[in-house]
Amino acid sequence: MQQPLANRVASEADPTQIAAAVLAIWTEIDDALTPIVGPLGLVALYRRTVHLAAAQHPWLAGRDEGVLTDTDPAVLKSVLAQRSSAEAAAGGNAFLTTFHELLASLIGPSLTARLLRSVWEPPSSGAAAQDTSP
Amino acid sequence: MSHKVIIQRLATGVPGLDEVLGGGLPQYSFNLIAGPPGCGKTTLAHQMMFALATPERPALYFTVLGEPPLKMLRYQQQFDFFDQDAIDRSVRFINLSEAAMAGELDHVLRQIVEAVTLYSPALVFVDSFRSVVFASASESNPHHKLQQFVQQLGMLMTSWQATTFLIGEYFVETDANPVFTVADGLIWVRQSVQRNSMVRKIEIMKMRGQPTLPGLHTFRISTAGIKVFAPAGMGSGQPAGLPAPEQGPRLLTGVAGLDEMLGGGLPRGYSVLVAGPSGSGKSILAATFLAEGVRCGETGVIAAFEQHPNRARNRVLVDLVEGGQVGLVDSRGSDLSIDEVVSLLLSEVRRLKATRVVIDSLTGFELALAPTFRDDFRESLLRLVTVLAGEGVSVMMTSELEDRYTDLRFSPYGAAFLTDAIIVQRYIEVDSRLLRVVAVVKVRASAHSNQLREFSIDEDGLHIGQMLPDQEGLLGGRPTRKRRDELSGAVDAADED
């Protein structure tokens, strides 16, 4: 799949904008999935995603208290905002891609695409609809 | 003109279930699907939901506790009925675990009301209900609270014109559960395990205003979903023991001498039992019977219950099956139910418009049934024969029967009275050889031969030979040669026959 942030932020965006975009996408995911899997179900997915994405970008897990134990996505946002633009973009994309893959491994790519289509298909940006299947 | 309300019945989309329900599911009914874990409740609910939900009549599926929704979606999508395109369009999943875990029934109810108001569903599922029961156990008066909850939910859903299902993880049948009283329908699914076989059964314990089919009905879960085997043809068709009036010419068996002994072939619509010891040629006769049908432009169905079907079946039959003129119903291990066999047979008969059915053999058939059904084997056979007779087909059943030289028996199951005709094969010893003899014992309402004729088997099949008038005591297995003076009289009598 295409980098999730590609349609959301300009290439020259600063870390704060990137962090805000990641949080906005996560909020959409939350809206789409929480009714179905429940808040606890989503928290479990969130933690697993951070854990997996941190293998690539260890700083995602945070330093002291860390995102790994904290389930507030606002912490993720602040962690992203503290990195450079390139790092924040790479980390944000890794986080979202990992989440997508995790969900797909559990309920299959097509049902994942179905449930998250409002998230991954940018509403009115004018860009072509994204093919989310691998 | 009548002004009574007309209750619409919804087709559940589960094969066989509508028949068991007595014509489908009453619209706006409040139903309970109960049973122990792993018996197919969620699958049943999903299958009905995907069959019934449309964008105009959407479904809401509330997951309470129990199975996590992600897992449910992961496993349910393996079934053919799971339609991903329907999700968020005609089917919506809503998780209520948080309120349920806190034990707040009021909160659960409020969330359900909110969702129902928002989406106006025609179908509502609450999975699973035991969680709600448990959650309320911490309250001071759990039963009262629960009844209140269910009562309110039932009232609300009916007023909102939603057909509702509560899926219950486990209920004790004898328990005076208040939920049972409130529900319009009570669908019980369970597994019956005996020795190494497991059989799934469904029972409609209650369905207001409908003549449901009573008792336990077996079902099977495959990738296509649930299939219920409703007892076919009971209450319709021919009464037991009365074959359909003879229509058209008799059926030829493919063995000329045998047709002659039967009085000109087998009357159409009759059932015939071929009983005999191992190796006496029952299966060959059965295959010849089907092959003769094909030769006359008819089609047939064989239900084969042999241990090694490919090895045991003869070449002619394999060709007919491959050619599509004969349908094959194969046994699947040792967990069949009689209704499943009947259903498989009937669908093959109807698909091929078959006129001849062979069951080879009753002995194997009994072994293929799940042990839980073996006690009722005679009743089951009667049902099978009745249903097939109602369908108008002619049936040949083979039955393994050890030679007993002290008595004359036709079937180990007392199946003899079930069938319209009986052919018995037997071994006898003559001149240090094992010879076979055959006799037609009975052809209902028809003249038939009373001869005991020797027969042989070669690569062309069965050949009926002559009587052995110079021997007597054939049924004792060790006939003796008659004395000269008696012999001449016996030959004369045979010629007159």
Side-chain angles (χ1 to χ4, degrees), chain A residues 1 25-53 70-73 95-124 129-134, chain B residues 46 49-50 55 58-102 104 107-108 110-112 114-119 121 124-128 131 135 223:
Chain A
M1 73 187 249
I25 293 176
W26 179 257
T27 309
E28 287 170 34
I29 291 174
D30 191 339
D31 290 346
L33 288 184
T34 300
I36 297 171
V37 303
L40 286 180
L42 196 68
V43 164
L45 289 173
Y46 177 85
R47 286 186 178 173
R48 175 70 179 157
T49 303
V50 171
H51 176 76
L52 291 172
D70 201 321
T71 50
D72 183 1
F95 171 77
L96 294 168
T97 309
T98 305
F99 179 80
H100 197 279
E101 286 167 359
L102 170 63
L103 193 59
S105 78
L106 293 171
I107 61 171
S110 54
L111 186 57
T112 301
R114 175 92 205 156
L115 294 178
L116 294 179
R117 69 195 186 291
S118 62
V119 180
W120 257 264
E121 284 168 16
S124 55
Q130 300 305 305
D131 184 4
T132 51
S133 45
Chain B
H46 272 80
M49 174 171 73
F50 281 105
L60 285 187
Y61 199 101
F62 294 100
T63 49
V64 186
L65 289 182
E67 198 179 2
L70 275 181
K71 263 209 183 127
M72 185 182 72
L73 293 176
R74 177 176 167 83
Y75 290 113
Q76 288 297 321
Q77 67 175 279
Q78 309 301 323
F79 289 110
D80 297 345
F81 58 73
F82 193 93
D83 176 14
Q84 300 189 343
D85 294 338
I87 289 171
D88 284 354
R89 210 177 48 179
S90 53
V91 165
R92 207 170 284 274
F93 291 95
I94 296 176
N95 186 272
L96 300 180
S97 61
E98 225 169 8
M101 258 193 292
E104 293 165 357
H107 194 179
V108 172
R110 203 160 54 239
Q111 284 193 302
I112 293 179
E114 276 170 22
V116 167
T117 315
L118 183 61
Y119 297 112
V124 170
F125 297 81
V126 181
D127 185 8
S128 69
S131 345
T223 52

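Just so it is clear: chains get the letters A, B, ... in the order the sequence lines come, proteins before strands, and each one is counted from 1.
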K.L.:
Does any heavy atom of chain B fall under 4.5 Å from the side chain of A/Ile36, the backbone, both, or neither of them?
P.N.:
both
K.L.:
Present all donor-acceptor pairs from chain A to chain B with distances below 3.5 Å, rounded to 0.1 Å.
P.N.:
from     : atom 1 : to      : atom 2 : distance (Å)
A/Pro35  : O      : B/Asn95 : N      : 2.4
A/Ser105 : O      : B/Arg74 : NH1    : 2.8
A/Leu106 : O      : B/Arg74 : NH1    : 3.1
A/Ile107 : O      : B/Gln77 : NE2    : 2.3
A/Ser110 : OG     : B/Gln84 : OE1    : 2.4
A/Ser110 : OG     : B/Gln84 : NE2    : 3.3
A/Leu111 : N      : B/Gln84 : OE1    : 3.3
A/Arg114 : NE     : B/Gln84 : O      : 3.2
A/Arg114 : NE     : B/Ile87 : O      : 3.0
A/Arg114 : NH2    : B/Asp85 : O      : 3.1
A/Arg114 : NH2    : B/Ile87 : O      : 3.2

K.L.:
Please give me the minimum heavy-atom distance between A/Leu115 and B/Leu73, naming the atom from each residue.
P.N.:
CD1-CD1, 4.4 Å
K.L.:
Side chain from CB out, backbone as N, CA, C, O: work out which of these in A/Leu33 comes under 4.5 Å of a heavy atom of chain B, or both, or neither.
P.N.:
neither
K.L.:
What option among A/Leu111, A/Leu103, A/Leu45 has the most heavy-atom pairs under 4.5 Å with chain B?
P.N.:
A/Leu111
